[in-house]
Peer 1: 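Pasting a structure here, questions to come.
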Amino acid sequence: MESNYQDRIPNNVSLGTNRTLQRALEHWQPEFLNWWHGLGPSDFNASEVYLRTATSVDTKGWATFGYVRMPEYRWGIFLADPEEDRRVGFGDSVGQLVWQQVPGEHRSTLRRLIVTQGDTEPASVEQQRLLGHTAPSLYDLRNLFQVNVEEGRHLWAMVYLLHAYFGRDGREEAEELLERHSGDADKPRILSTFNEPISDWLSFYMFTYFTDRDGKFQLKSLAESSFDPLSRTCHFMLTEEAHHMFVGDTGIGRVIKRTVEVMKELGTDDPEALRKAGVVDLPTIQKYLNFWFSSSLDLFGGDSSSNAASYFANGLKGRPDEIKYEDHVEANSSYSLDLPDGRGGVRQEQIPMRNAINEVVRESYVRDCEKGLARWNRHLEAAGYPQRMTLPSTRFRRTVGSWANAPTRPDGTPVTYEEFAARQDEWLPTAADRAFVHSLMHGVFERGKMAGWIAPPERGINAQSIDFEYVRFN
Ligand SMILES: [Fe+2]
Ligand SMILES: [Fe+2]
């Protein structure tokens with residue numbers, strides 16, 4: 001597909017041949033830039049950042065590296081190449097040709113799905129807007145800004161769909177994507193995780209590991225959609241998303257690695273001693289992990305969901321990697337859910353498989369999350385320590401689904417409200433834990449230098465050295 005990188009809005013969707021659409025998007029563009037200046041990264045907009053920019057979707061063009069001032073980043077519209085003769089992959093219409101336009105009967109549902117996805121993209125930029133000041137290195141500062149500009153591009157991706165396929169109400173939704181703001185009392189972002197402030201880098205790494213990974217699974221589910229433009233948009237977004245999770249994965253790993261180094265040096269795992277030495281003790285890292293994992297699990301929705309069933313039946317939103325499943329219709333199959341029995345125990349219930357799609361997707365997400373744990377624990381293993389980081393049970397601290405308001409221990413054992421209240425400080429970050437983590441946050445802006453609470457990365461970006469000048473301050 002041809003890309004027009006020279007256009008005011010870079011694109012590979014032949015925007016120049018549709019004047020009405022082009023004008024509408026050119027009208028939205030200054031509003032987007034306004035939003036970026038007001039709610040994007042709080043400073044550094046004059047700095048030159050070593051960023052990758054997508055200039056096309058082929059392997060050569062999708063990651064072009066160079067110094068860019070963020071407001072001059074070329075936010076473009078790029079869809080993966082169409083797949084010839086693509087067919088509906090799941091649900092009641094399996095095998096029919098996919099749709100190039102929105103079917104009238106699915107219009108409002110598809111719009112809602114696109115808006116919900118679109119809302120998370122600028123939300124995370126807003127959540128992270130102050131982090132630049134406390135970056136532990138230039139390498140990390142650059143990674144933060146890479147994530148931020150790409151979330152901006154993901155917003156563009158969803159806004160393009162709204163403008164191109166949903167007429168006037170699509171344009172109105174696009175405006176509202178810039179009007180809702182993370183944490184705003186009157187107009188908050190749609191999903192609650194995206195209203196949690198991210199004011200320290202440990203949270204940022206947790207967010208990019210756990211919450212961007214939810215993004216990956218949502219995008220993979222939407223990439224299965226029978227609405228082909230949505231599918232193609234999400235396919236390309238996934239290539240960018242991989243780096244966001246890499247930032248979280250390696251970030252958490254580097255924090256653990258540094259803590260283990262200091263544990264060895266001092267010959268102790270005493271949290272107080274480690275904190276005095278300026279690193280994050282393992283129990284605190286575990287609490288952050290418990291918090292962000294449980295919060296991200298909620299994003300998949302209820303474990304038994306009639307909405308999920310109808311998205312699946314109608315071919316709107318599927319399961320990631322649908323091809324791996326044997327049955328693409330799931331008309332008569334069932335799924336066994338573990339539910340709280342209301343008396344402190346667990347009972348099982350069979351529900352139709354289609355109603356359990358959220359749970360099926362959540363399970364594959366959990367398996368994906370476990371891979372990072374194995375990597376992080378290698379630092380502990382290699383140093384000969386018996387401690388291990390663990391993922392809490394999917395029942396723990398849920399606010400959505402059957403386990404909402406059913407308190408459990410991190411291992412998933414149901415407990416009374418009293419026990420939960422009495423012990424939650426052992427399981428989740430306390431105000432004092434957060435204050436300690438905050439106390440470590442100081443910007444380190446010298447080439448090659450790292451904050452003391454985090455190990456250097458194993459390698460730089462795009463084959464550059466670790467002490468490369470990833471950000472030039474002007
Ligand atoms: Fe994104
Ligand atoms: Fe992301």
Side-chain angles (χ1 to χ4, degrees), residues 32 35-36 39-41 49 51-54 57 62-63 70 73-80 113-129 131-132 140-162 174 177-178 180-182 189-191 193-196 198 201 203-223 225 229-252 292-293 295-296 299-300 317 320 361 365 368-369 372 461:
F32 169 82
W35 165 81
W36 180 271
L39 289 155
V49 188
L51 293 175
R52 72 176 182 195
T53 305
V57 294
W62 87 267
M70 286 186 280
Y73 188 79
R74 307 293 316 276
W75 283 283
I77 299 164
F78 296 103
L79 273 60
L113 287 171
I114 291 167
V115 166
T116 306
Q117 179 62 39
D119 195 67
T120 65
E121 314 287 358
S124 65
V125 178
E126 294 167 352
Q127 288 171 288
Q128 297 161 13
R129 68 184 303 263
L131 281 177
D140 290 281
L141 185 63
R142 176 259 166 223
N143 284 348
L144 166 70
F145 293 152
Q146 184 72 63
V147 171
N148 290 163
V149 292
E150 284 176 350
E151 300 304 3
R153 206 203 66 76
H154 293 176
L155 171 62
W156 268 96
M158 293 297 118
V159 163
Y160 163 73
L161 293 175
L162 291 169
L177 284 169
L178 298 176
R180 284 185 294 271
H181 299 142
S182 181
R189 291 296 177 182
I190 296 169
L191 301 167
T193 307
F194 291 88
N195 288 300
E196 308 268 7
I198 300 176
W201 280 75
S203 297
F204 173 65
Y205 298 133
M206 294 287 171
F207 182 93
T208 42
Y209 188 78
F210 290 109
T211 311
D212 276 278
R213 190 174 309 275
D214 157 73
K216 166 184 166 182
F217 279 76
Q218 299 303 326
L219 293 174
K220 280 170 86 75
S221 299
L222 294 171
S225 182
L230 174 60
S231 163
R232 289 168 53 207
T233 302
C234 292
H235 267 294
F236 185 61
M237 290 162 77
L238 280 162
T239 57
E240 293 166 317
E241 206 62 64
H243 176 68
H244 308 180
M245 286 171 284
F246 163 87
V247 170
D249 187 355
T250 52
I252 298 170
W292 283 103
F293 176 66
S295 172
S296 303
L299 294 168
F300 290 85
K317 184 181 176 187
V361 180
Y365 166 82
D368 207 41
C369 286
I461 293 293

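When a residue number appears, it is its place in the shown sequence, counting from 1. Atoms within a ligand are numbered from 1 in the order they appear, just like the ligands themselves.
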Peer 1: Just by distance, with hydrogens left out, do S295 and T193 show a side-chain donor and acceptor under 3.5 Å apart?
Peer 2: yes

Peer 1: So, H244 versus E151: side-chain donor-acceptor pair below 3.5 Å or not?
Peer 2: yes

Peer 1: What is the total of protein N/O/S atoms that are closer to the Fe ion (ligand 1) than 2.8 Å?
Peer 2: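 Excluding waters, the total comes to 3.
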
Peer 1: Verify, without hydrogens or angle tests, whether R213 (side chain) and C369 (backbone) share a donor-acceptor contact under 3.5 angstrom.
Peer 2: no

Peer 1: If only side-chain N and O atoms count, and only distance matters, is there a donor-acceptor pair under 3.5 Å linking D140 with Y205?
Peer 2: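 Per modelled atom types, Y205 and D140 side chains form a pair under 3.5 Å.
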
Peer 1: Judged by modelled atom types alone, do Q146 and H243 share a side-chain donor-acceptor pair under 3.5 Å?
Peer 2: no

Peer 1: Which salt bridge (charged side-chain N to carboxylate O under 4.0 Å, His left out) pairs, counting each pair once, include a residue from residues 114-125, with sequence neighbours left out?
Peer 2: D119-R180, D119-R189

